[in-house]
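Side chains included, hydrogens not; waters and symmetry mates left out as well; all remaining heavy atoms used.
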Amino acid sequence: MVLTPVQQQRRASIVIAALDLAAGGYDAVHIRTVAGRAEVAASTVYQYFSSKDDLLLSCLHYWLTAYTFVAPPIPGGGTAVPYQRLLPLITDVTEGLCAMPRLAEALVRAYLYADGAAAENAALVRQALSQMFTDAIEAKPQTLRDEQVGELLTDVWTANIIAFVQNRVSVDGLLRRLECAVATISLSEHRLVPAALSR
């Protein structure tokens with residue numbers, strides 16, 4: 001659906017209102033409350049989002065795309081090389097979300113149970129996160145391997161964020177797992193992509 005500038009602004013105000021409420025957790029988000037915050041009718045919210053989960057996934061996508069990362073400097077000038085940028089990026093994104101556990105719970109819960117129209121937003125979230133990691137690995141032009149690593153890290157990150165939300169791992173434990181994943185991928189940087197991944 002192509003939105004006019006006015007519709008785009010209205011949709012954005014709904015997402016921002018929902019994101020603000022989601023800081024209180026999944027159960028703090030109600031369509032009527034979101035509508036009130038955004039100064040629109042509840043029916044207007046449903047013109048843009050099929051469900052609360054669909055809306056929360058748009059919040060997660062908004063949060064990710066609004067995130068900016070500056071590559072850390074390295075000794076001697078310049079910026080970090082591929083894989084040296086990955087860990088700071090993953091650490092920043094993870095700490096940023098985990099610093100707001102109720103928000104993380106709300107957004108991750110929506111991602112975990114997305115179905116129907118919400119599944120399309122879940123795919124956009126995965127794509128945005130994967131692109132973020134891929135861009136940290138290598139500036140364009142990017143190789144198939146870069147894209148595959150970005151997708152792999154997205155799945156590893158998502159699985160571990162879910163574990164954090166479910167209180168199965170601490171933030172420190174989560175960061176250690178992610179550091180291990182990045183280190184393992186970095187060590188195999190110059191190896192060939194397995195044939196099964198190239199299909």
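Considering every non-hydrogen atom in both Ser13 and Ala38, the closest pair reads O-CB, 3.8 Å. Nearest heavy atom pair, residue Asp54 against residue Ala117, reads OD1-O, 3.9 Å. Contact between Arg177 and Ala163 at its shortest, heavy atoms only, is NH1-CB, 4.0 Å. Residues Ala122 and Ala114 share a closest heavy-atom pair of CB-CB, 3.9 Å. In terms of heavy-atom proximity, Leu21 sits nearest to Val34 at CD1-CG2, 3.6 Å.
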*CA sep, side-chain torsions, deciding dist, call: Asp53, Tyr26, side-chain hydrogen bond (donor to acceptor under 3.5 Å, both in side chains)*: CA-CA 9 Å; Asp53 284 352; Tyr26 185 87; 2.6 Å; yes
_From CA spacing to verdict: side-chain contact (heavy atoms from CB on, under 4.5 Å), Arg109, Asp27_ = CA-CA 11 Å; Arg109 180 171 170 181; Asp27 294 332; 4.0 Å; yes
_The test is side-chain hydrogen bond (donor to acceptor under 3.5 Å, both in side chains); show your working for Asp146 and Thr134 and say whether it passes._
CA-CA 6 Å; Asp146 295 333; Thr134 303; over 6 Å; no
_Between Leu87 and Glu179, does the side-chain contact (heavy atoms from CB on, under 4.5 Å) criterion hold? Intermediate values first, please._
CA-CA 6 Å; Leu87 188 56; Glu179 183 177 1; 3.8 Å; yes
_Determine whether Val93 and Trp63 satisfy the following criterion, side-chain contact (heavy atoms from CB on, under 4.5 Å), listing intermediate values before the conclusion._
CA-CA 10 Å; Val93 173; Trp63 190 87; 4.0 Å; yes
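Residues Leu112 and Leu124 fall into different hydrophobic clusters, defined by Ile, Leu, Val, Met, Phe, Trp and Tyr side chains chained together at heavy-atom separations under 4.5 Å.
Of the candidates Val45, Thr4, Val40, Val40 is the only one forming a side-chain contact (heavy atoms from CB on, under 4.5 Å) with Arg10. Partner of Phe164 under the side-chain contact (heavy atoms from CB on, under 4.5 Å) criterion, chosen from Thr94, Leu174, Leu97, Val108: Leu174.
Residue Glu151 qualifies as enclosed at atom CD: its count of foreign heavy atoms under 6.0 Å is above 12. More than 12 heavy atoms of other residues, nucleotides or ligands sit less than 6.0 Å from atom CD of Gln8. Other residues, nucleotides and ligands contribute more than 12 heavy atoms inside 6.0 Å of the CD atom of Glu95. No more than 12 heavy atoms of other residues, nucleotides or ligands lie within 6.0 Å of CD in Gln9, so this atom counts as exposed by the packing criterion.
Rounding to the nearest 0.5 Å places OG of Ser170 at 5.5 Å from CZ of Arg176. With values rounded to the nearest 0.5 angstrom, Leu175 atom CG is found 7.0 Å from Cys98 atom SG. Once rounded to the nearest 0.5 Å, the distance linking CG of Asp115 with OG of Ser50 reads 8.5 Å. Distance check: Cys59 SG to Ile14 CD1 gives 10.5 Å after rounding to the nearest 0.5 Å. For the atom pair OG1 (Thr154) and CD (Gln131), the distance works out to 9.5 Å, reported to the nearest 0.5 Å. In this structure, CD1 on Ile185 lies 10.0 Å from CZ on Phe133, to the nearest 0.5 angstrom.
Of the charged side-chain nitrogens involved, at least one lies within less than 4.0 Å of a carboxylate oxygen, so that Arg126 and Asp155 count as a salt-bridged pair.
Judged purely by atom type and a 3.5 angstrom limit, Lys52 has no side-chain atom pairing as donor or acceptor with the backbone of His30. A distance-only check finds no donor-acceptor pair linking the side chain of Asn121 to the backbone of Leu57 [under 3.5 Å]. Remark: the backbone N or O of Val156 is paired with a side-chain donor or acceptor of Asn160 at under 3.5 angstrom. Not a single donor-acceptor pair under 3.5 Å links the side chain of Arg37 to the backbone N or O of Ala17.
Taking the side chain as every heavy atom from C-beta outward, Leu19 and Leu103 approach each other to under 4.5 Å. Here the side chains of Met132 and Thr65 are not in contact, with every heavy-atom distance at 4.5 Å or above. With a 4.5 Å cut-off on side-chain heavy atoms, Asp135 and Leu89 do not count as touching. With contacts defined as side-chain heavy-atom distances shorter than 4.5 Å, the pair Val29/Thr33 does not qualify. Inter-residue side-chain proximity for Ile31 and Phe49 is flagged as unmet; no heavy-atom pair is nearer than 4.5 Å.
Cation-pi geometry between Arg11 and Tyr48 is not satisfied (NZ or CZ under 6.0 Å from the ring centre, within 45° of the ring normal).
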